[in-house]
Amino acid sequence: MMTKVVLTGGCLCGAIRYQTSASPFAVDYCHCSKCRKHNGSIVVAWMDFKAEQVTWLQDKPTEYASSETGRRGFCNKCGSTLTYGDTRYRQYTTLTIASLDDANLVQPSYHIYLDDKVDWLEITDNCKRYAQGVS
C-alpha cells in the first residue's frame, strides 16, 4: 500500500475538484459490464476511501442510479466519470484513479468481476484476481 499522501483530482473541465485526507484503503481494476459502459473503457481503476476522507472542493458529481443500490457519479458539464457508491454503504466513497491530477500515485492491487472481463484482454500483472466482487 502507498504511504499517506494528500491526493487531488477532478473532472476534465475542472468544474468538479476533490481532495483526500488519506491514502485509499483498497484499489482495484473492475471488469464488470456496467463500469465498462459508464466509463467507455474495457477496465476501470477505482480507489476506495472512507467518505469523510474525501472533500469536494468545487461542485459535486451528479449521481446516476445504475442499479437498485448502485450510484455512479459524473460531471454534468463534461461527462467525466468520478465516483461509484452503494446506497447501503454511504460511509465509503469510491473514486476513479483516472480522475487524479497524478494517476501515477495510486496503483491497483487486485482485479474484480473477472467473470465479466472481455475475452480478448490478457492480464499479465501479479495482482490478486476475483471472479466477482470482494466481500
Side-chain angles (χ1 to χ4, degrees):
M1 198 60 162
M2 58 185 277
T3 55
K4 182 178 175 181
V5 63
V6 173
L7 301 169
T8 58
C11 66
L12 180 63
C13 73
I16 298 175
R17 297 287 304 155
Y18 66 82
Q19 175 178 301
T20 70
S21 62
S23 301
F25 65 82
V27 185
D28 67 81
Y29 294 107
C30 184
H31 297 268
C32 81
S33 62
K34 286 184 181 177
C35 279
R36 287 199 312 263
K37 286 189 178 275
H38 191 257
N39 287 274
S41 180
I42 293 304
V43 63
V44 181
W46 296 103
M47 52 187 178
D48 298 323
F49 299 88
K50 293 179 182 176
E52 66 269 14
Q53 295 171 327
V54 178
T55 302
W56 298 102
L57 304 171
Q58 201 171 286
D59 211 347
K60 288 185 177 182
T62 298
E63 286 191 343
Y64 166 72
S66 59
S67 67
E68 186 178 326
T69 59
R71 301 294 180 268
R72 295 176 183 276
F74 63 96
C75 175
N76 64 15
K77 293 176 181 63
C78 67
S80 294
T81 299
L82 298 165
T83 65
Y84 173 79
D86 188 311
T87 57
R88 298 168 295 182
Y89 306 103
R90 285 291 188 182
Q91 69 269 31
Y92 303 115
T93 298
T94 301
L95 298 167
T96 57
I97 292 174
S99 68
L100 286 170
D101 293 334
D102 184 354
N104 289 303
L105 295 175
V106 178
Q107 184 175 348
S109 61
Y110 62 98
H111 294 265
I112 57 174
Y113 294 101
L114 283 172
D115 281 356
D116 211 13
K117 178 183 80 61
V118 294
D119 294 337
W120 52 261
L121 179 65
E122 184 180 346
I123 299 172
T124 60
D125 62 35
N126 293 322
C127 294
K128 292 182 183 178
R129 295 175 166 89
Y130 299 92
Q132 295 296 311
V134 178
S135 299

Lys77: partners by salt bridge (Lys or Arg N to Asp or Glu O under 4.0 Å), with sequence neighbours left out:
Asp59

What is the minimum heavy-atom distance between Leu82 and Ser99, and which atoms define it?
CD2-CB, 3.6 Å

Pairing residues for Thr69 by the side chain to side chain contact (heavy atoms under 4.5 Å, CB included) criterion, not counting sequence neighbours
Ser67, Asp86, Thr87, Arg88

Side chain to side chain contact (heavy atoms under 4.5 Å, CB included) partners of Asp102, counting only residues at least two apart
Asn104, Leu105

All pairs passing salt bridge (Lys or Arg N to Asp or Glu O under 4.0 Å) where residues 61-73 contributes a residue, at least two apart:
Glu63-Arg90

Can you tell me how far apart NZ (Lys60) and SG (Cys75) are? Round to the nearest 0.5 Å.
15.0 Å

Through direct or indirect side-chain contacts below 4.5 angstrom among Ile, Leu, Val, Met, Phe, Trp and Tyr, which residues connect to Tyr64?
Phe74

Applying side-chain hydrogen bond (donor to acceptor under 3.5 Å, both in side chains) to Thr94 and not counting sequence neighbours gives Asp48

Partners meeting salt bridge (Lys or Arg N to Asp or Glu O under 4.0 Å) with Asp125 (sequence neighbours left out)
Arg129

Between Val43 and Ile123, is the side-chain contact (heavy atoms from CB on, under 4.5 Å) condition met? List the steps.
CA-CA 11 Å; Val43 63; Ile123 299 172; over 6 Å; no

Spell out, as yes or no, whether a donor-acceptor pair under 3.5 Å connects the side chain of Ser80 to the backbone of Leu12.
yes

Please enumerate all residues that pass side chain to side chain contact (heavy atoms under 4.5 Å, CB included) together with Asp115, with sequence neighbours excluded.
Ala131, Gln132

Separation between CD1 (Ile42) and CG (Leu121), nearest 0.5 Å, reads 7.5 Å

How about Leu57: does its CG atom have over 12 heavy atoms from other parts shown lying under 6.0 Å from it?
yes

Spatial distance of atom OH (Tyr113) from atom CZ (Arg36) [nearest 0.5 Å]
13.0 Å

When hydrophobic residues are tied together by side-chain contacts of less than 4.5 Å, even through go-betweens, does Tyr84 share a cluster with Val27?
no

For Gln19, which residues count as a side-chain hydrogen bond (donor to acceptor under 3.5 Å, both in side chains) partner, sequence neighbours excluded?
none

All heavy atoms of Val106 vs all of Pro24, minimum pair found to be CG1-CG, 4.1 Å

Closest non-hydrogen atoms of Cys35 and Cys30, given as atom of the first, atom of the second and distance, are SG-SG, 3.7 Å

Between atom CD of Gln53 and atom CG of Leu95, what is the distance when rounded to the nearest 0.5 Å?
10.5 Å

Determine which pairs satisfy ring-ring contact (aromatic ring centres under 6.0 Å, His included) with at least one residue from residues 90-110, sequence neighbours left out, and list them in order.
Phe25-Tyr92, Tyr110-Tyr130

ring-ring contact (aromatic ring centres under 6.0 Å, His included): which pairs involve residues 37-63, sequence neighbours left out?
Tyr18-Trp56

For Asp101, check salt bridge (Lys or Arg N to Asp or Glu O under 4.0 Å) against everything at least two apart and list the hits.
Arg17

Begin with the C-alpha distance, continue with both residues' side-chain angles, and end with the deciding distance and a verdict on side-chain contact (heavy atoms from CB on, under 4.5 Å) for Lys128 and Val134.
CA-CA 11 Å; Lys128 292 182 183 178; Val134 178; over 6 Å; no

Could you tell me the separation between the CG atom of Leu114 and the SG atom of Cys32, rounded to the nearest 0.5 Å?
11.0 Å

First locate atom NZ of Lys34, then atom CG of Asn39, and finally report the distance between them rounded to the nearest 0.5 Å.
14.0 Å

Backbone N or O of Leu7 within a donor-acceptor pair of the Thr20 side chain at under 3.5 Å?
yes

